[in-house]
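Predicted model, so just to flag it, every value in this text is computed and none were measured. We name chains A, B, ... by the order of the sequence lines, and we start the count at 1 in each one.
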Number of protein chains: 2
Amino acid sequence: MTIKIVEELEAPATSGTQPFLPDYLLFLTASVSAAMSEEFHEHVRTRGLRVPEWRVLACLHDDDGQMITRLARFAMIEQSRLTRIIDQMDERGLLERRSDKADRRRVRIFLTRTGARLAADLVSEARAHEKRLIKRLPDGLGQDLKATVKRLHGVLWAGEQD
Amino acid sequence: MTIKIVEELEAPATSGTQPFLPDYLLFLTASVSAAMSEEFHEHVRTRGLRVPEWRVLACLHDDDGQMITRLARFAMIEQSRLTRIIDQMDERGLLERRSDKADRRRVRIFLTRTGARLAADLVSEARAHEKRLIKRLPDGLGQDLKATVKRLHGVLWAGEQD
DNA sequence: AATAAAAATATGAGTTTTCATCTTTTCATA
DNA sequence: TATGAAAAGATGAAAACTCATATTTTTATT
């Protein structure tokens, strides 16, 4: 690997115009999302789960027996990846596959007793964490954000059945 | 792979209590972020870049010559991954490494002419896309969200120098 | 000044993730 | 009621990612 060694005598080297990212909605949203989640995601790993696995548990906690495709969309996981995550969670005894009697292409995913217990624990921890997080933020920033993203989520998922 | 085949005669199989995710701040935020970004990320791929590469370009567009560690935090990319992404972008002629004269542990990343041009194009496309996106949303939802995440970003990054 | 601790980056190896594609099953329609 | 298109999942192979750790350089302490 060759690296030039150049003394920093050049001009401030910015974009010349207004900075972009501090005013870019998609960056700000992603960055805020990542920063806020970091802490709880760390906790999730402590509990022996990766973030996508936690998302799967949470989805099933709310609505057990979803099909893989739907789970994938809701949990923001690409389908073939979810298939393999489910393989692993199945092996670990957290959930199980059941073929849908009415449409045999579909595979429905159900939490096992163990998986349901873990999901319930984490959901309750997540709720508690959210309370603390919001309390830590100044003003009503947390409430504001929650109200706004709730409305937005409704709008953006308007087309989706259920 | 063994899959039970079970007829769906069981109870609605929900959590029994209030659904969690539709009221969970971190999920709503991540979900909204992903949904809003999807479209532009697709465009980025069309342009031959992966999302993390686009983030690197955007960061450097705003502030050329950043060191890898800082770039990693800002672009939400794990350090060793960023090192390799930079390898690739270097090979493609989009940016180059320069060792920092004053602190020779540091490697500063600079856009090449080509990289700067690509970054400028994408930034301008991103700005245009944001306008369209916000226009598409009902009420002042887009503006509301932007104002809120801007404040939040400030709060959450308060500790970070610059 | 010598030395320990910390910071910045790189790298090997193992695991994940992705992409395209395959199979199976259902749906639409001629 | 055949038949082609679409939907749901699974899977192989290649690429990307992560984790722990190594290396180099700087900073802080004695």
Please evaluate the base of dA7(D) for a donor-acceptor partner in the side chain of Arg105(A) within a cut-off of under 3.5 Å?
yes
With nearest nucleotides of DNA chain D determined for Glu78(A) and Ile85(B) from heavy-atom distances, which residue corresponds to the more 5′ nucleotide?
Glu78(A)
Could you state the atom-to-atom distance from CG of Asp87(B) to C1' of dA10(C) in whole Å?
9 Å
Less than 4.0 Å between a side-chain N and a carboxylate O, is that true for Asp121(A) and Arg47(A)?
yes
Looking at dT9(C), I'd like to know if its phosphate oxygens (OP1 or OP2) sit under 4.0 Å from a side-chain N or O belonging to Thr83(B).
no
In whole angstroms, the gap separating P of dA8(D) from CD of Gln66(A) amounts to 13 Å
Interatomic distance, Met89(B) CE vs dA16(D) P [rounded to whole Å]:
13 Å
Once you apply a heavy-atom cut-off of 4.0 Å, does Arg84(B) come out as touching a base, just sugar-phosphate, or nothing?
base
Run the salt-bridge test on Asp87(A) and Arg84(A) with the 4.0 Å N-O cut-off and return the result as yes or no.
no
What I want to find out is whether Arg50(A) reaches Glu53(A) closely enough, with some N-O distance under 4.0 Å, to be called a salt bridge.
yes
Under-3.5 Å donor-acceptor pair between Ser80(B) side chain and dC17(D) base:
no
Would you tell me if any nitrogen or oxygen in the side chain of Arg97(B) comes within less than 4.0 Å of OP1 or OP2 on dT9(C)?
no
Could you give the CG-to-P distance, from Leu71(A) to dA7(D), as a whole number of Å?
19 Å
Using heavy atoms to find the nearest nucleotide of DNA chain D for Arg45(A) and Arg81(A) separately, return the residue whose nucleotide is more 5′.
Arg81(A)
Would you mind reading off the distance between Arg104(A) atom CZ and dA7(D) atom C1', rounded to a whole angstrom?
15 Å
Kindly indicate whether the side chain of Gln79(A) and the base of dA8(D) share any N or O donor-acceptor pair separated by less than 3.5 Å?
no
Same cluster or not: Trp157(A) versus Tyr24(B), using hydrophobic residues (I, L, V, M, F, W, Y) connected whenever any side-chain heavy atoms lie under 4.5 Å apart?
yes
Rounded to whole angstrom units, what separation is found between the CG atom of Asp90(B) and the P atom of dA10(C)?
10 Å
Salt bridge Arg108(B)-Asp64(B), side-chain N to carboxylate O under 4.0 Å
no
At under 4.0 Å between heavy atoms, what does Thr69(B) touch on the DNA or RNA strands: base, sugar-phosphate, or nothing?
sugar-phosphate
Could you give the CD1-to-P distance, from Ile68(A) to dT24(C), as a whole number of Å?
17 Å
Protein-nucleotide distance (Ile86(B), atom CD1; dA8(C), atom C1'), rounded to Å
12 Å
